[in-house]
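Scroll down for the structure; my scribbles are underneath it.
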Amino acid sequence: LDSLLQETICDMRIMLRGSVLAYDWFKSGEGQGLLAHLTHPATGLRRMYGCMEYPGIPPSIECIEYKLFMLGEAGAGKSAVTAWLAGLPTWNKQAGESPGLRVTTIYWPAKIGKTIILFKLNVWDCGDGAVKKYGHLFPACKEGALGVLPVFSCTDRNSWQDLPDLLQRYIQPTDTITPIVVGNRHTTDMDSAVVTAQEMAEFEKSRGIPVVTVRNQTNTGGPPSIPEVAPALNTICEQLYIASNRSTHSVNV
């Protein structure tokens with residue numbers, strides 16, 4: 001019965017992906033109007049906000065706040081993924097491992113049904129060395145978090161194969177934490193890909209955990225455009241919204 005229930009939960013999670021949030025809404029006039037509030041008029045880049053700052057969005061629009069944290073071995077690219085999601089122009093200029101803990105606030109507007117929602121994502125990123133040195137850091141990242149972004153490198157086969165073990169070590173089946181896996185350094189060149197799209201699709205189907213990808217840093221030095229980052233942010237926001245509106249849910253790790 002338990003295994004049947006787990007399969008049902010997995011199927012529900014896959015079916016719900018893309019069925020709750022309007023993924024192309026950001027392209028509409030309404031969506032572009034809201035995104036204009038979140039971008040700098042001179043550069044066209046998304047604005048960065050501190051934890052106490054709030055964008056100039058009409059107060060009638062509901063803001064939903066979620067905490068999530070990055071998970072991955074040293075060198076997987078957790079900080080680069082965080083910067084990419086935030087739209088930072090220096091996202092691919094990360095040098096070495098993060099020395100401590102950093103919290104990045106990301107705002108993303110979306111439409112669910114007829115309701116426009118502004119999602120506020122507080123992303124906690126802590127270097128692997130700091131986690132091992134200071135025992136209180138990982139519990140602090142995990143406390144109160146609704147989501148986790150396990151990161152693997154699409155250019156490192158070992159990081160992909162270690163992903164199930166990474167999930168089992170840090171996320172318990174009883175945790176009310178929703179995982180969304182991130183494949184960093186992704187390329188569409190099938191000859192150089194060490195982790196294929198088919199493998200990622202099979203992972204999604206078998207475990208009921210969505211996988212989003214971040215392009216290879218060497219493709220271009222520019223920051224991600226809104227259309228490029230939208231699928232990842234839409235998936236993250238949708239999965240967290242579903243989880244927050246479910247009374248109980250399990251993680252198939």
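All residue numbers in this chain count up from 1 along the given sequence. Keep in mind the model is a prediction, meaning the values are calculated, not measured. Computation of the quantities below employed the complete heavy-atom set of this structure, encompassing side-chain atoms and omitting hydrogens, waters and symmetry-equivalent molecules.
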Specify the closest pair of heavy atoms between T178 and A243, including all atoms of both residues, with the distance to one decimal.
OG1-CB, 3.0 Å
L163 CG to L71 CG distance, which is reported to the nearest 0.5 Å
8.5 Å
Give, for atom CD of Q198 and atom CE of M200, the distance between the pair rounded to the nearest 0.5 Å.
11.0 Å
Verify side-chain contact (heavy atoms from CB on, under 4.5 Å) between T213 and V182, making sure each step is shown before the conclusion.
CA-CA 5 Å; T213 55; V182 181; over 6 Å; no
Is the shortest heavy-atom distance from the side chain of I117 to the side chain of K111 under 4.5 Å?
no
Enter the distance from R102:CZ to T82:OG1 here, rounded to the nearest 0.5 Å.
8.5 Å
Kindly indicate, with the supporting measurements, whether the criterion salt bridge (charged side-chain N to carboxylate O under 4.0 Å, His left out) is fulfilled by E143 and K67.
CA-CA 9 Å; E143 182 181 10; K67 175 185 175 181; 5.9 Å; no
Begin from the C-alpha positions of L35 and I226 and carry the test side-chain contact (heavy atoms from CB on, under 4.5 Å) through to its verdict.
CA-CA 9 Å; L35 284 168; I226 294 293; 3.8 Å; yes
Considering only NZ, NE, NH1 and NH2 on the basic side and carboxylate oxygens on the acidic side, decide whether R185 and D156 come within less than 4.0 Å.
no
Which residues pass the salt bridge (Lys or Arg N to Asp or Glu O under 4.0 Å) test with R47, sequence neighbours left out?
none
Can you tell me if W108 and N234 form a side-chain donor-acceptor pair at under 3.5 Å?
yes
Kindly say whether H40 contributes a backbone atom to a donor-acceptor pair with the side chain of R46 at under 3.5 angstrom?
no
Measure across H37 and G56 and return the closest heavy-atom pair with its distance rounded to 0.1 Å.
ND1-O, 2.9 Å
Correct closest heavy-atom pair for L101 and C141 would be CD1-SG, 3.7 Å
In the single-linkage hydrophobic clustering (I, L, V, M, F, W, Y; side-chain heavy atoms under 4.5 Å), do I64 and Y23 co-cluster?
yes
Is it the case that the side chains of D125 and S79 hold a donor-acceptor pair, with the cut-off being a distance below 3.5 Å and no angle test?
yes
Nearest heavy-atom pair of C63 and Y107: which atoms, and what distance?
SG-CE2, 4.3 Å
Transitively linked via ILVMFWY side-chain contacts under 4.5 Å: M70 with L146?
yes
Answer yes or no: is there a side-chain heavy-atom contact under 4.5 Å between T39 and P41?
no
Would you say the side chain of V181 lies within less than 4.5 Å of the side chain of P210, judging by non-hydrogen atoms?
no
Within the distance-only criterion (no hydrogens, no angle test), does the side chain of K142 pair as donor or acceptor with the backbone N or O of Y170 below 3.5 angstrom?
yes
Assert yes or no for the condition that the ring centre distance of Y66 to Y241 is strictly below 6.0 Å.
no
Show your working on side-chain contact (heavy atoms from CB on, under 4.5 Å) between I116 and L34 and close with a plain yes or no.
CA-CA 10 Å; I116 298 174; L34 272 180; 3.4 Å; yes
If hydrophobic clusters are built by linking Ile, Leu, Val, Met, Phe, Trp and Tyr wherever their side-chain heavy atoms come under 4.5 Å apart, do L45 and I57 end up in the same one?
no
Can a donor-acceptor pair be found, under 3.5 Å and without considering hydrogens, that links the side chain of E65 to the backbone of N122?
no
Looking only at non-hydrogen atoms, find the nearest pair between L121 and C237 and report the distance.
CD1-SG, 4.0 Å
Pair T104, W124 - check side-chain contact (heavy atoms from CB on, under 4.5 Å), show working.
CA-CA 7 Å; T104 302; W124 289 49; over 6 Å; no
Return yes if some donor-acceptor pair links the side-chain N/O of D162 with the main-chain N/O of S159 below 3.5 Å, else return no.
no
Is there side-chain contact between L167 and P164, with heavy atoms separated by less than 4.5 Å?
no
Going from CD1 on I112 to CG on L21, what distance comes out if it is rounded to the nearest 0.5 angstrom?
5.0 Å
Interatomic distance, L233 atom CG to T235 atom OG1 [nearest 0.5 angstrom]:
9.0 Å
Over all heavy atoms of both residues, which pair between L118 and P109 is shortest? Give the atoms and the distance, please.
CD1-N, 3.9 Å
Are W160 and F152 near enough that their ring centres are under 6.0 Å apart?
yes
Do any N or O atoms from the side chain of E204 and from the backbone of V211 form a donor-acceptor pair under 3.5 angstrom?
yes
Can you tell me how far apart CD1 (I171) and CG (L166) are? Round to the nearest 0.5 Å.
8.0 Å
Looking at F26, is its backbone amide N or carbonyl O close enough to the side chain of Q32 to form a donor-acceptor pair, meaning the two atoms are under 3.5 Å apart?
yes
Does this structure show an ion pair linking E73 with K78, if we count only N-O contacts that are shorter than 4.0 Å?
no
Give a yes or no on whether the backbone of T196 and the side-chain of E199 come within a donor-acceptor separation of less than 3.5 Å.
yes
Are L149 and L68 packed together at the side-chain level, in the sense that at least one heavy-atom pair is separated by less than 4.5 angstrom?
yes
Output field: ring centroids Y49/Y54 closer than 6.0 Å
no
Just wondering, do V123 and L85 contact through their side chains at under 4.5 Å, heavy atoms?
no
